[in-house]
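Report on one structure; see the data block that follows.
Each chain gets a letter, A, B and so on, in the order its sequence line appears, and its residues count up from 1.
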Number of protein chains: 2
Amino acid sequence: MSPRLDRDTVDRILDVAEHLVQVRGYNAFSYADVSAALGIRKASLHHHFATKADLGAALVERYRRSFLAALAAIEEAPAAGERLGRYVGLYRSVLRRQRMCMCGMLAADIATLPAPMRRGVARFFTENEAWLARVLAAGRSRGELHFAGAPAAIAAFLVSALEGALLVSRGSGEPAHLDAVASLLLASIARRPPGRAVSPRSGRRPLRPRHRR
Amino acid sequence: MSPRLDRDTVDRILDVAEHLVQVRGYNAFSYADVSAALGIRKASLHHHFATKADLGAALVERYRRSFLAALAAIEEAPAAGERLGRYVGLYRSVLRRQRMCMCGMLAADIATLPAPMRRGVARFFTENEAWLARVLAAGRSRGELHFAGAPAAIAAFLVSALEGALLVSRGSGEPAHLDAVASLLLASIARRPPGRAVSPRSGRRPLRPRHRR
DNA sequence: GTCTATAACGAGATAGAC
DNA sequence: GTCTATCTCGTTATAGAC
């Protein structure tokens, strides 16, 4: 009975566990940590998630779905540039909250994860890249974006750069790292301003902050 | 006495531990793992590294120095393009050996590391980027490379993209990921062919595989 | 659904013989 | 320098009362 309360507890457990994984990694958080944060006993946690592997699998599944939902929300923006800006914003927000992308963190832990978690992590990245590739392809065909090569390759590139920027920002203790990378990424793909004549050096300037005409 | 044998044992311990960290992370390897791999008892390991924190600090220090040495070796190549190619090759080699960059891995674990390790990891990234920035600046001033913006920003960008490519390659189970990213990176910085006139669309093409011309 | 209590194990670390 | 033996603690997990 009382499926409502049950649901809530499960969600609260997942919230805390997700945060812990994003900050400490899968192997450096325990039921005791979740227990302390929630004011609930370890044994009670096992009632909701029998094993840590079960908890981990639920964690990945929820994160993946919620990320996909965020991507779907971004598609409501009509302009490709806006979509990319918001996509990058997802990563900025992760860093602002002093976390790592949960699946990026789990990618580091991959060798130690149970198989269902590994599959979920792989799926997160392939779906993430597939979505990006669609946005890129649509944006280019509408003349809103400018890049050469396969959208899938650029998508892989964007995901790598953003995940890496989160990682290096943590490692170097320099949060501005991500902003520098994000600016370069967006500028290198944004449409060149159409009014601008082709000056000899107009070639490539991956640096300027976006918007601007 | 017998400092020779001592040295060797220390090195073998560090070799095994480094591998374990690159594959499993700092929190998912133990003295028991090293012990088993080396055929030496746990207590003997403690003779060489009193605590895991000591072992970890030595690990970071050695990795950082050895990476710097690899960078110094790369500088023997006179051409900037060649230097960058070899730099990217360092990352390719890590992936080929089915590992993660050790400091990239430790960047994920950063919240759980003892302070000396954290400092070593941060230093690894700043030195790494500083070296790259120098290579980029020199290459551009000699007309061998082509990019806009501060070399330091591009350096941060390259490191992020490569670390991220290693990470995502692991997470997605798709090793080709890194190759795609590496090609895009090198192409976006390589010198534009001088013979080529400035065509209306020559603007920006971060995409095409280098050489050609 | 939550609790207390406890089992079973592996981790990092130490003492002291050889 | 390496060993055996042992300690202490934290971890995942279970049993069974409330």
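- Across all their heavy atoms, A/Val21 and A/Met105 have their closest contact at O-CG, 3.1 Å.
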Pairs under 3.5 angstrom only: tabulate donor-acceptor contacts from the side chains of residues 165-172 of chain B to other protein residues two or more places apart or in another chain.
residue: B/Ser169; atom: OG; partner: B/Ala165; partner atom: O; Å: 2.6
residue: B/Ser169; atom: OG; partner: B/Leu178; partner atom: N; Å: 3.3
residue: B/Arg170; atom: NE; partner: A/Ala107; partner atom: O; Å: 3.3
residue: B/Arg170; atom: NH2; partner: A/Ala108; partner atom: O; Å: 3.0
residue: B/Arg170; atom: NH2; partner: B/Val23; partner atom: O; Å: 3.1
residue: B/Ser172; atom: OG; partner: B/Val168; partner atom: O; Å: 2.7
residue: B/Ser172; atom: OG; partner: B/Glu174; partner atom: N; Å: 3.3

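- The side chain of A/His47 places an N or O atom within less than 4.0 Å of a non-bridging phosphate oxygen (OP1 or OP2) of C/dG1.
- Shown here are the ring pair (Phe, Tyr, Trp, His ring centres under 6.0 Å) partners of B/Phe124, two or more places apart in sequence or in another chain: B/Tyr63, B/Phe67.
- The side-chain contact (heavy atoms from CB on, under 4.5 Å) test applied to A/Gln98 returns no partner, not counting sequence neighbours.
- A heavy-atom distance below 4.0 Å to DNA chain C is reached by none of the residues of residues 109-120 of chain A.
- Side-chain proximity of A/His46 to the nucleotides C/dG1, D/dT14, D/dT2 is greatest for D/dT14.
- Rounded to whole angstrom, the span from the CG atom of B/Leu45 across to the P atom of C/dT14 amounts to 14 Å.
- Within the structure, every pair that satisfies the salt bridge (Lys or Arg N to Asp or Glu O under 4.0 Å) test and touches residues 17-34 of chain A, not counting sequence neighbours, is listed here: A/Glu18-A/Arg62.
- Summarising the geometry, the separation between CG on B/Asp8 and P on D/dT2 is reported as 11 Å, rounded to the nearest angstrom.
- B/Arg64 meets the salt bridge (charged side-chain N to carboxylate O under 4.0 Å, His left out) test with B/Glu61, B/Glu127; sequence neighbours excluded.
- With sequence neighbours excluded, no residue satisfies side-chain hydrogen bond (donor to acceptor under 3.5 Å, both in side chains) with B/Arg119.
- The CG atom of B/Asp54 sits 13 Å away from the P atom of C/dG12 (whole-angstrom rounding).
- The side chain of B/Thr9 contributes an N or O atom lying less than 4.0 Å from OP1 or OP2 of D/dT2.
- Applying the salt bridge (charged side-chain N to carboxylate O under 4.0 Å, His left out) rule to A/Arg41 yields no partners; only residues at least two apart in sequence or on another chain are considered.
- For the segment residues 28-44 of chain B, residues with any heavy atom less than 4.0 angstrom from an atom of DNA chain C are, sorted by number, B/Phe29, B/Ser30, B/Tyr31, B/Ala32, B/Lys42, B/Ala43.
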